[in-house]
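As the structure is a computational prediction, the values presented were derived from the model and not from experiment. All chains are named by letter (A, B, ...) in the order of the sequence lines, taking the proteins before the strands, and each is independently numbered beginning at 1. The analysis underlying the following values was restricted to heavy atoms, covering all of them including side chains, and did not include hydrogens, waters or symmetry mates.
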Number of protein chains: 2
Amino acid sequence: MSHYYESAGVESPGTGRLIDFPSRVTIIDEGEPANAIYQIVSGNVMISKLLPDGRRQIFEVLGPGHMFGVTPNGHYDCIAEALTDVRVTAFEKGQVDRSSAFNAQLADVLKIQICALHEHAVLLGRKSAVERVASYILELIEGTSPNEGWVSVRVLMTRSEIADYLGLTLETVSRAFSHLKRDSIIAYERYDGLIRVNIPRLRPLTSTY
Amino acid sequence: MSHYYESAGVESPGTGRLIDFPSRVTIIDEGEPANAIYQIVSGNVMISKLLPDGRRQIFEVLGPGHMFGVTPNGHYDCIAEALTDVRVTAFEKGQVDRSSAFNAQLADVLKIQICALHEHAVLLGRKSAVERVASYILELIEGTSPNEGWVSVRVLMTRSEIADYLGLTLETVSRAFSHLKRDSIIAYERYDGLIRVNIPRLRPLTSTY
DNA sequence: CGAAGAATTGAGGTTAATCAACGAGGGTGG
DNA sequence: CCACCCTCGTTGATTAACCTCAATTCTTCG
């Protein structure tokens with residue numbers, strides 16, 4: 001069962017309801033009846049699944065504009081958890097089903113998500129540990145302004161979460177970070193998760209075009 | 001460049017054009033301008049991506065009703081290849097964009113695909129070789145009538161293709177099949193890819209609910 | 001029948017997982 | 001304020017799983 005922390009029930013423009021969640025809180029649980037579709041206003045949300053024995057796989061980390069809680073049947077097929085403090089718009093099932101504007105926007109974000117899931121499947125199925133971590137760091141930077149030279153970026157996920165995202169163990173992730181640091185491809189800053197990244201040297205390690 | 005084998009350009013009911021492809025032919029290539037969206041009428045299509053050094057990851061094997069060639073930008077993000085002889089309906093870009101009936105159907109299949117991609121990410125990131133192969137065989141049976149007892153199923157993909165689908169090598173896939181055969185969980189029939197499967201004994205090996 | 005491709009099996013090497021110890025913050029309560 | 005605990009991260013030693021290389025068999029098709 002997930003525990004819901006609601007902000008004041010402010011009505012958003014498009015029939016949606018604004019809800020706030022603090023960091024690390026479960027927003028939706030796998031198997032719950034799918035009563036709403038959520039769109040992120042601010043913050044980041046991790047989407048994952050658990051195996052019966054506790055193994056976890058995180059598929060994607062979504063940011064503002066993205067949607068989750070979409071399912072082909074009546075139940076959520078995965079877990080959504082707040083990585084940061086998050087503000088979402090919740091659209092009640094049935095209220096938006098017939099809105100073609102909503103469905104058009106939904107289709108757009110689903111296309112982007114499928115594309116990202118494809119890329120992530122290549123990572124999980126075919127990349128080495130260092131390639132995975134390099135790809136992860138580069139992914140953090142995507143969208144950040146300058147894509148050349150040294151760039152600073154904040155790593156919000158723990159080693160354990162990164163491991164569950166990359167299909168590795170936390171030790172292997174830690175070793176890969178150490179490896180990149182030793183080779184001066186990344187450098188740690190005053191330890192609040194901030195790192196500096198040498199993009200031209202990192203990019204070739206990802207084995208991506 | 002993919003080479004297109006077209007059937008007689010029969011017009012399908014909904015402004016789509018019917019096209020036939022023989023087995024193993026490339027239907028769309030990554031990077032090509034996305035001029036059409038395809039819906040499978042009959043047969044199966046493998047969706048994959050290649051890394052620069054030739055490593056391949058197959059994400060999904062699609063059947064009738066499913067769509068491919070959907071992309072958030074103007075270019076295909078992955079390869080589509082005929083696993084069997086395939087008949088598809090090709091919908092030209094621009095002709096269907098404003099059809100809400102088409103978009104509704106598109107959204108429906110995208111939701112199913114995302115769900116499948118989630119499940120596959122768990123397999124790639126968190127399952128052992130035998131668990132992956134067991135999951136693969138069970139997936140072949142999904143939709144086949146009786147889900148209990150012994151069931152016959154045809155394995156259409158080569159060991160190499162299965163390996164690229166499961167993120168393994170073909171030898172590891174072969175060993176996993178041999179392992180399942182030795183334990184009488186599957187049995188080979190007169191070798192045209194047909195195997196018999198003991199579902200009650202196979203299912204626990206997949207580590208899925 | 002012969003050739004080419006597919007599958008199987010074995011031996012040995014490599015990568016990442018596992019098991020384990022230790023250190024660095026951050027919060028809590030005495 | 002300090003001692004304690006707990007989580008997180010790092011690093012080392014060992015193990016296990018899977019990959020690589022190689023040889024052989026099986027299957028299909030001309």
Side-chain angles (χ1 to χ4, degrees), chain A residues 22-24 46 51 53-58 81 83 123-137 154-183 186-195 205 207, chain B residues 22-24 46 51 53-58 83-84 123-137 154-183 186-195 205 207:
Chain A
S23 176
R24 312 290 161 175
M46 299 183 286
L51 288 177
D53 60 5
R55 282 176 279 179
R56 177 172 67 157
Q57 180 63 47
I58 299 174
E81 189 182 350
L83 171 59
L123 180 148
L124 292 173
R126 290 295 176 219
K127 288 190 180 178
S128 73
V130 170
E131 286 172 338
R132 292 182 203 203
V133 171
S135 301
Y136 170 71
I137 296 172
R154 194 172 301 279
V155 179
L156 295 167
M157 292 162 78
T158 67
R159 294 288 183 266
S160 173
E161 287 164 344
I162 296 170
D164 286 344
Y165 181 53
L166 300 179
L168 300 168
T169 60
L170 68 93
E171 294 96 331
T172 300
V173 171
S174 183
R175 278 184 244 273
F177 269 94
S178 298
H179 172 73
L180 294 174
K181 184 165 64 119
R182 185 158 22 81
D183 292 2
I186 63 172
Y188 291 3
E189 305 217 329
R190 287 166 314 293
Y191 214 84
D192 36 357
L194 211 61
I195 60 173
L205 297 181
S207 291
Chain B
S23 174
R24 311 292 160 176
M46 299 183 286
L51 288 177
D53 60 6
R55 281 175 282 179
R56 176 172 67 158
Q57 181 63 47
I58 299 174
L83 172 58
T84 62
L123 180 148
L124 291 173
R126 289 296 176 221
K127 287 189 180 179
S128 73
V130 170
E131 286 172 338
R132 292 182 204 203
V133 171
S135 301
Y136 171 71
I137 296 172
R154 194 172 301 279
V155 180
L156 295 166
M157 292 162 78
T158 66
R159 294 288 183 267
S160 172
E161 287 164 344
I162 297 170
D164 287 343
Y165 181 53
L166 300 180
L168 300 168
T169 60
L170 68 92
E171 294 95 330
T172 300
V173 170
S174 184
R175 279 184 244 272
F177 269 94
S178 298
H179 173 72
L180 294 174
K181 184 165 64 119
R182 185 160 23 79
D183 292 1
I186 63 172
Y188 291 5
E189 305 216 328
R190 283 168 317 294
Y191 215 86
D192 37 355
L194 210 62
I195 61 174
L205 298 180
S207 292

Nucleotide C/dG5, atom C1' - distance to CZ of B/Arg159 in whole Å: 14 Å
C/dT18 base / A/Arg175 side chain donor-acceptor hit below 3.5 Å: yes
Nearest atoms (heavy-atom pairs only) where A/Leu123 meets A/Ser135: CD1-CB, 3.7 Å
Close approaches to DNA chain C from residues 161-173 of chain B, in residue order (heavy atom, under 4.0 Å): B/Leu170, B/Glu171
Sugar-phosphate only, base, or nothing, as touched by B/Ser174 at under 4.0 Å among non-hydrogen atoms: base
Donor-acceptor pair, side chain of B/Arg132 and main chain of B/Leu124, under 3.5 angstrom: yes
Rounded distance (nearest 0.5 Å) linking atom OH of A/Tyr188 with atom OG of A/Ser178: 5.0 Å
Nearest-Å distance for atom pair CZ/C1', residues A/Arg126 and C/dA16: 16 Å
Atom pair CZ (B/Arg175) and CZ (B/Arg159), whose distance is rounded to the nearest 0.5 Å: 13.0 Å
Approximate separation, where rounding is to 0.5 Å, of B/Leu180 CG and B/Ile186 CD1: 5.0 Å
Boundaries of the chain B footprint along DNA chain D (any atom under 4.0 Å from a heavy atom): D/dC18 to D/dT28
Value in whole Å for how far the C1' atom of C/dG5 lies from CG of B/Asp192: 17 Å
Atom pair CG/NZ of A/Leu205 and A/Lys127 - distance to nearest 0.5 Å: 10.5 Å
For atom CE of B/Met157 and atom P of C/dA6, their distance in whole Å: 14 Å
Short N-O contact, A/Arg24 and A/Glu161, less than 4.0 angstrom: yes
Donor-acceptor pair between B/Ser207 and A/Arg55 side chains, under 3.5 angstrom: yes
Under 4.0 angstrom between B/Thr158 side-chain N/O and C/dG5 OP1 or OP2: no
